[in-house]
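What follows is a set of notes on a single structure, which appears directly below.
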Amino acid sequence: MAGTGVFSDILDGDVYKYYADGEWKKSSSGKTVAIINPSTRKTQYKVQACTQEEVNKVMESAKTAQKSWAKTPLWKRAELLHKAAAILKEHKAPIAECLVKEIAKPAKDAITEVVRSGDLISYTAEEGVRILGEGKFLVSDSFPGNQRTKYCLTSKIPLGVILAIPPFNYPVNLAVSKIAPALIAGNSLVLKPPTQGAVSALHMVHCFHLAGFPKGLISCVTGKGSEIGDFLTMHPGVNCISFTGGDTGITISKKAGMIPLQMELGGKDACIVLEDADVDLVAANIIKGGFSYSGQRCTAVKVVLVMESVADVLVEKLKAKVVKLTVGAPEDDCDITPVVSESSANFIEGLVKDAKEKGATFCQEYKRDGNLIWPLLLDNVRPDMRIAWEEPFGPVLPVIRINSIEEGIHHCNASNFGLQGCVFTKDVNKAILISDAMETGTVQINSAPARGPDHFPFQGLKDSGIGSQGVTNSINMMTKIKSTVINLPTPSYTMG
């Protein structure tokens, strides 16, 4: 159970503590932040509302701890990460329970997220040993006009203090995707979890605590974004920000100053379907890509652009599959569960009403009960409808019928988002040409968009982000190049 057993230290009465200096603490503010269960719409958990002064102390501890951690042998860093991964997977049940109750993630998917996160930590440890264990050796006479009088040795060194801000939909997995690269690279880490998902993140952080990481190296502060959000992201002690979320990331990037940024900010992932596509394959991928976790994924299929000649067949197949989706409680492993908040549900409803007023074809009756919205397929959507461009982050999927490949590419590229896209065709030449033309960070061919496997590069263009994620890219982003140049009195050459 959450907050019990090995996790009992993180709970004080009915309020979860925050983590700093290797200890679980209560905030001096005396205030708490409520976490609402999306299913019951009642308070499920409470977390500390940390103060700006507590953030200052966390930053000081992180800076001090990082100096010692950077001197820790690489193999030792990896060893502790492997230990944390094992502890995380061992205690997957209580962490998954939190995911079910605070973000309404289906029970099976919640377990999968925790296990996947453990695997990601271990993989990062191994990859970090390989990447950081190598450097470069350069000689000066490879550049015109120089003799071999200089030897340059380059290596990767840590940036310092990394601020990690994961989103509500993957509060464990997208937290460790930032924590593990930061730690293996020799940085310290300050985690600001989302409100919805904070308790899951606190349980995850305790697994790192149990693994025996040095005090102050990892911190987790909870609280209201209005009080500590800007204070954290603009803090002079932060040397790098890794953020996953929505429009807030654009605001952060404008205020953060001259530090490396890794931002993934959502998408309107387009699915282009050509005449020769395997329609059964397309339908299966659209249902999985568009409706899993109720569409609350950055890489969800968010608009289907299908050639008119196959649109009727595809829509009928999609309608038959939508009917089979189970709707209900996350504890029952339903396909469609309540969206994360009432405000989110209201936003989705606004998009649906706009589509109805402008003449979209409703393939199912729109139905909502609190935060629970039944899956809805909208056919004959036009570009003048909000749902054609805005990201619903819910189980509503628009279908736009197109008459040419160029029309599909134009709609995709006209979006202010550019995270992922996909194209379905049996013609590999067309697939490559369309992929090259789509202005997105990744294009999936004959499959729905997806972030994983977690070691693949993952990046967005335009308003979808800055920088690239994936294990290798994250490690490289959280380090900088250090050069040592040996100057020789006379040119040196090898024998022979």
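When all heavy atoms of Pro383 and Trp389 are compared, the pair lying nearest together is O-NE1, 2.7 Å. The minimum heavy-atom distance between Thr440 and Cys412, with the atom names listed, is CG2-SG, 4.0 Å. Minimum interatomic distance between Pro330 and Ser39 (heavy atoms only, all atoms of both residues): CD-OG, 3.3 Å. For the pair Met477 and Pro260, the tightest heavy-atom approach, listed with the atom from each and the gap, is SD-CB, 3.8 Å. A pairwise comparison of heavy atoms in Ile373 and Ile336 identifies O-CG2, 3.3 Å as the closest pair. Considering every non-hydrogen atom in both Ile35 and Thr195, the closest pair reads CD1-O, 3.2 Å.
A 6.0 Å sphere centred on NZ of Lys462 holds more than 12 heavy atoms belonging to other residues, nucleotides or ligands. For CG of Asp247, the number of neighbouring non-hydrogen atoms (other residues, nucleotides, ligands) closer than 6.0 Å is 12 at most. More than 12 heavy atoms of other residues, nucleotides or ligands lie within 6.0 Å of NZ in Lys358, so this atom counts as buried by the packing criterion.
Going from atom NE2 of His91 over to atom CZ of Phe7 covers 5.5 Å, rounded to the nearest 0.5 Å. Rounded to the nearest 0.5 Å, atoms CD1 (Ile179) and CG (Leu174) are 11.0 Å apart. Here the CZ atom belonging to Phe168 is positioned 7.0 Å from the CD1 atom belonging to Ile103, to the nearest 0.5 angstrom. To the nearest 0.5 Å, atoms SG (Cys363) and CG (Leu378) are separated by 7.0 Å. Here the straight-line distance linking atom OG1 of Thr425 with atom CD1 of Ile434 works out to 6.5 Å at 0.5 Å rounding. The OG atom of Ser447 sits 7.5 Å away from atom CG of Leu281, with the distance rounded to the nearest 0.5 Å.
A donor-acceptor pair under 3.5 Å is formed between the side chain of Thr479 and the backbone N or O of Asn476. Of the possible polar contacts, none joining the Thr43 side chain to the Tyr45 backbone as a donor-acceptor pair under 3.5 Å is found. With hydrogens and angles disregarded, a donor-acceptor distance shorter than 3.5 Å links the side chain of Lys302 to the backbone of Cys298. For Glu391 (side chain) and Gly267 (main-chain N/O), a donor-acceptor pair under 3.5 Å exists by modelled atom type. At distances below 3.5 Å, not a single donor-acceptor pair connects side-chain atoms of Asn187 with backbone N or O atoms of Pro158. For Gln459 (side chain) and Gly465 (main-chain N/O), no donor-acceptor pair under 3.5 Å exists by modelled atom type. Side chain of Asp276 to backbone of Lys426: a donor-acceptor contact under 3.5 angstrom is found. At distances below 3.5 Å, not a single donor-acceptor pair connects side-chain atoms of Glu264 with backbone N or O atoms of Gln469. No donor-acceptor distance shorter than 3.5 angstrom exists from the side chain of Asn416 to the backbone of Asp463, with no hydrogens or angles considered. Listed for the Ser435 side chain is no donor-acceptor partner under 3.5 Å among the backbone atoms of Val443.
Taking 4.0 Å as the cut-off between side-chain N and carboxylate O, Lys317 and Asp280 count as a salt-bridged pair. Salt bridge absent: Glu113 and Arg116 never bring a charged side-chain N and a carboxylate O closer than 4.0 Å. By the 4.0 Å N-to-carboxylate-O rule, Glu349 lies close enough to Lys353 to be salt-bridged with it.
A 4.5 Å side-chain heavy-atom check between Asp454 and Tyr123 finds every atom pair outside the cut-off. Here the side chains of Leu191 and Pro166 are in contact, with some heavy-atom distance below 4.5 Å. Counting heavy atoms from C-beta on, the side chains of Ile10 and His203 come closer than 4.5 Å. Contact of the Arg368 side chain with the Asn346 side chain is registered, since non-hydrogen atoms from C-beta on lie closer than 4.5 Å. The shortest side-chain heavy-atom distance between Cys207 and Ile95 falls under the 4.5 Å cut-off. Counting heavy atoms from C-beta outward, Thr222 and Tyr16 have side chains that stay 4.5 Å or more apart. Between Val339 and Pro395 there is a side-chain heavy-atom pair separated by less than 4.5 Å. Looking at heavy atoms from C-beta onward, Phe243 lies in side-chain contact with Thr248 at the 4.5 angstrom threshold.
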Candidate pair Ile287 and Leu318, rule side-chain contact (heavy atoms from CB on, under 4.5 Å), full reasoning: CA-CA 7 Å; Ile287 293 296; Leu318 290 174; 4.0 Å; yes
Lys178 and Thr244: CA distance, side-chain angles, deciding distance, side chain to side chain donor-acceptor pair (under 3.5 Å) verdict: CA-CA 10 Å; Lys178 306 171 190 303; Thr244 304; 2.8 Å; yes
Step by step, would you call Tyr293 with Asn169 a side-chain contact (heavy atoms from CB on, under 4.5 Å)? CA-CA 9 Å; Tyr293 188 38; Asn169 54 351; 3.6 Å; yes
Hey, mind stepping through Phe417 and Asp269 against side-chain contact (heavy atoms from CB on, under 4.5 Å) and telling me if it holds? CA-CA 8 Å; Phe417 291 114; Asp269 298 7; over 6 Å; no
His235 and Val161: CA distance, side-chain angles, deciding distance, side-chain contact (heavy atoms from CB on, under 4.5 Å) verdict: CA-CA 11 Å; His235 200 285; Val161 180; over 6 Å; no
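Under the rule for a side chain to side chain donor-acceptor pair (under 3.5 Å), Thr40 has no partner lying at least two apart in sequence or in another chain. Lys356 is linked by a salt bridge (Lys or Arg N to Asp or Glu O under 4.0 Å) to nothing, counting only residues two or more places apart in sequence or in another chain.
Note that Lys105 lies in the cation-pi zone of Tyr170, set by a 6.0 Å cut-off to the ring centre and a 45° limit from the axis.
For the side chain to side chain contact (heavy atoms under 4.5 Å, CB included) with Glu407, the lone residue among Ile402, Leu305, Ile272 that qualifies is Ile402. Here the rule is side-chain hydrogen bond (donor to acceptor under 3.5 Å, both in side chains) with Ser474, and of Glu127, Gln262, His455 only Gln262 fits it. Considering Val199, Ile36, Asn37 as possible partners of Gln44, the one that fulfils the side chain to side chain contact (heavy atoms under 4.5 Å, CB included) test is Asn37.
Between His206 and His209, the ring center distance clears the sub-6.0 Å criterion.
Side-chain contact annotation: Asn380 with Thr361, donor-acceptor N/O pair under 3.5 Å present.
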